[in-house]
J.: 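Before I ask anything, here is the structure I am working with.
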Number of protein chains: 2
Amino acid sequence: MPKPEVDPTVSLDLSVDRSSPVPLYFQLSQQLEAAIEHGALTPGSLLGNEIELAARLGLSRPTVRQAIQSLVDKGLLVRRRGVGTQVVHSKVRRPLELSSLFDDLEAAGQRPATKVLVNTVVPAPAEIAAALGVAEDSEVHRIERLRLTHGEPMAYLCNYLPPGLVDLDTGQLEATGLYRLMRAAGITLHSARQSIGARAATTSEAERLGEDAGAPLLTMERTTFDDTGRAVEFGTHTYRPSRYSFEFQLLVRP
Amino acid sequence: MPKPEVDPTVSLDLSVDRSSPVPLYFQLSQQLEAAIEHGALTPGSLLGNEIELAARLGLSRPTVRQAIQSLVDKGLLVRRRGVGTQVVHSKVRRPLELSSLFDDLEAAGQRPATKVLVNTVVPAPAEIAAALGVAEDSEVHRIERLRLTHGEPMAYLCNYLPPGLVDLDTGQLEATGLYRLMRAAGITLHSARQSIGARAATTSEAERLGEDAGAPLLTMERTTFDDTGRAVEFGTHTYRPSRYSFEFQLLVRP
DNA sequence: TCAATGCGTATGTCCGGACAATCGAACTAC
DNA sequence: GTAGTTCGATTGTCCGGACATACGCATTGA
């Protein structure tokens, strides 16, 4: 007969600093997340009821709930009415984020390099104008980049940006990623509409990426919006499927 | 000189039914979402401050905040301290959900058809056993399906499931999607780890999908977890890129 | 033996209030 | 005229309590 699946309640030492400007619920959620990451809270273990937890920390229940809720939203915890809150099993981590290729590679220790092929201003073609929500033939930035790892080309990136948003210095573009430049320019990235497909490489694409003509390529088209809903970037990317694939984690919206 | 970008506060008739079992915050958020979808709340318009809104509806501010917060989480609204809450510009809609190919096609009016090629029980190969978190060579379900639209093959789906979770009737598999069967069996889908790539079709793959050998294929590998973190499904899918691409919307986690 | 009932427990929902932090605009001083 | 300041408006955070609802388990009944 298998053992019962619910681990016992775990008790660990949590504390909050009321003099800190960091919100209390955030302090708590960070400590809980660290405990989960660190293994102090094992998958399946119960978190102990909210009332008692609040009392132990000298917080109110709404504050504790807010901390727990943020972790539920991240997919780290599951609440069950009448049962309690428990840590999700398995190595289900890292929800899907609006990811930057540059950051992804750097996080993977790949030391990405970028070669800027084009950095200019052009009149917007119809399709790009529609995606960015600007007038056709109005001026937009156009940058083309080759992203390399270990000296080998990995992706070809073509991006369009509305004018005046960010200063596109070629040197900076080669040193860091586009998203970092945009964030540094005070743009709050909010959401993106993506489309991922595949197709056979044309001759020029193949040449750029060091593949044979007709080889399969992974393609991605993306329009990125800031927090007011303005389109701030449109890009078409092609990846060498032998060197890159999209990996992400989805959460079901309740 | 351009006009100021912030539209005036919009006032519309909202109401809640206290006798309904539907939570008040949910009633409100649904009405607001409908107003946004319907166009009564135009992009950029301010929602009016929370206090006054609460008073007008006879609700408390926390309840109103909960309603608004749920729409902020969905990406429909933006809060700005000292300014107010406004509707996001643009047609930024539909966040990314853990999607079912079957449902996606049906929503697109494609009338999907499914042909079950294999529906059997096999000893789990090492890779599948690891993904599902079961012992190697323990028994797992294996189903292979061909998904067609307009009589043409569109995708080849190979899935593995742990035993005992859901009753895999071939007739039902041809009539509906796997996720629907799982939900109907009481499984609460929670998250999935996906990997999307591309490669050239092998001879047998090409034959199955009606492509030429060497043609580019879009590939997807997915492990799905339920709300306790158990793996409940592992699948490898191949799509004809001329007939399918992945489209989704990402939200940035604040 | 097995099903129906009741109870404790935990989360879900909701209230009303308080103060802090931040933004934008009007205002003031130079 | 311009720069800095003040101030009103609005969301952000937090409290303490109340009742509703659902789940799991033990008890009871057939």
Side-chain angles (χ1 to χ4, degrees), chain A residues 4-11 16-30 32 44-73 77-87 186 188 227-228 254, chain B residues 4-11 16-30 32 44-73 77-87 186 188 227-228 254:
Chain A
E5 301 218 352
V6 179
D7 294 6
T9 301
V10 174
S11 141
V16 292
D17 175 9
R18 298 199 86 99
S19 68
S20 161
V22 178
L24 301 177
Y25 76 90
F26 192 75
Q27 292 184 38
L28 178 53
S29 73
Q30 279 197 320
L32 290 174
S45 59
L46 286 170
L47 204 57
N49 80 57
E50 299 168 349
I51 315 260
E52 189 259 342
L53 189 55
R56 215 171 71 207
L57 289 166
L59 298 173
S60 69
R61 184 155 85 113
T63 302
V64 172
R65 276 181 69 79
Q66 194 174 359
I68 292 176
Q69 187 58 47
S70 73
L71 297 181
V72 172
D73 290 340
L77 297 177
V78 191
R79 320 179 87 133
R80 292 178 190 283
R81 187 189 299 209
V83 179
T85 304
Q86 50 183 313
V87 181
T188 310
D227 56 0
T228 69
Chain B
E5 302 219 350
V6 178
D7 294 5
T9 301
V10 174
S11 146
V16 292
D17 175 10
R18 299 198 85 98
S19 69
S20 161
V22 178
L24 300 177
Y25 77 90
F26 192 74
Q27 292 184 38
L28 178 54
S29 74
Q30 278 196 320
L32 290 174
S45 59
L46 286 170
L47 205 57
N49 79 57
E50 299 167 348
I51 315 262
E52 190 258 344
L53 189 56
R56 216 172 71 208
L57 288 165
L59 297 173
S60 69
R61 182 155 89 113
T63 302
V64 172
R65 276 181 68 79
Q66 195 174 357
I68 292 176
Q69 187 58 47
S70 73
L71 297 181
V72 171
D73 290 340
L77 298 177
V78 192
R79 321 180 88 135
R80 292 178 189 283
R81 188 189 302 210
V83 179
T85 305
Q86 50 184 317
V87 181
T188 310
D227 57 0
T228 69

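A, B, ... follow the sequence lines: proteins, then strands. Residue 1 opens every chain.
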J.: Might you point out which heavy atoms bring B/Ile68 and B/Glu50 nearest each other, and give the distance in Å?
T.: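 Looking at all heavy atoms of both residues, the closest pair is CD1-CG, 4.0 Å.
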J.: Do B/Thr63 and B/Leu57 make a side-chain contact, defined as non-hydrogen atoms from C-beta onward lying under 4.5 Å apart?
T.: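 SC-SC contact between B/Thr63 and B/Leu57 ruled out.
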J.: Could you pull out all residues at least two apart from A/Ser19 that satisfy side-chain contact (heavy atoms from CB on, under 4.5 Å)?
T.: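 So A/Ser19 forms a side-chain contact (heavy atoms from CB on, under 4.5 Å) with A/Asp17.
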J.: Please report the closest heavy-atom contact between A/Ser70 and A/Ser29, naming both atoms and the distance.
T.: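 Looks like OG-CB, 3.4 Å.
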J.: Got a sec, which residues hit side-chain contact (heavy atoms from CB on, under 4.5 Å) with A/Thr188, two or more places apart in sequence or on another chain?
T.: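 With sequence neighbours excluded, A/Thr188 shows a side-chain contact (heavy atoms from CB on, under 4.5 Å) to A/Asp227, given in chain and number order.
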J.: Can you name the atoms? Protein N/O to nucleotides 11-14 of chain D N/O, anything below 3.5 Å, with the distance.
T.:
residue, atom, partner, partner atom, Å
D/dT11, OP2, B/Glu50, N, 2.9
D/dG12, OP2, B/Arg65, NH1, 2.8
D/dG12, OP2, B/Arg65, NH2, 3.2
D/dG12, OP2, B/Arg79, NE, 2.8
D/dG12, OP2, B/Arg79, NH2, 3.4
D/dG12, O4', B/Arg81, NH2, 3.3
D/dG12, N7, B/Arg61, NH2, 3.3
D/dG12, O6, B/Arg61, NH2, 2.8
D/dT13, OP1, A/Tyr25, OH, 3.1
D/dT13, O4, B/Arg61, NH2, 3.0
D/dC14, OP1, A/Leu24, N, 2.3
D/dC14, OP2, A/Leu24, N, 3.4
D/dC14, OP2, A/Tyr25, N, 3.3

J.: How close or far is atom C1' of C/dG16 from atom CG of B/Leu57, stated in whole angstroms?
T.: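 Nearest whole value for this atom pair: 16 Å.
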J.: Just how far, in rounded Å, is P of D/dG24 from CD of A/Gln86?
T.: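 So the two atoms are 10 Å apart, to the nearest Å.
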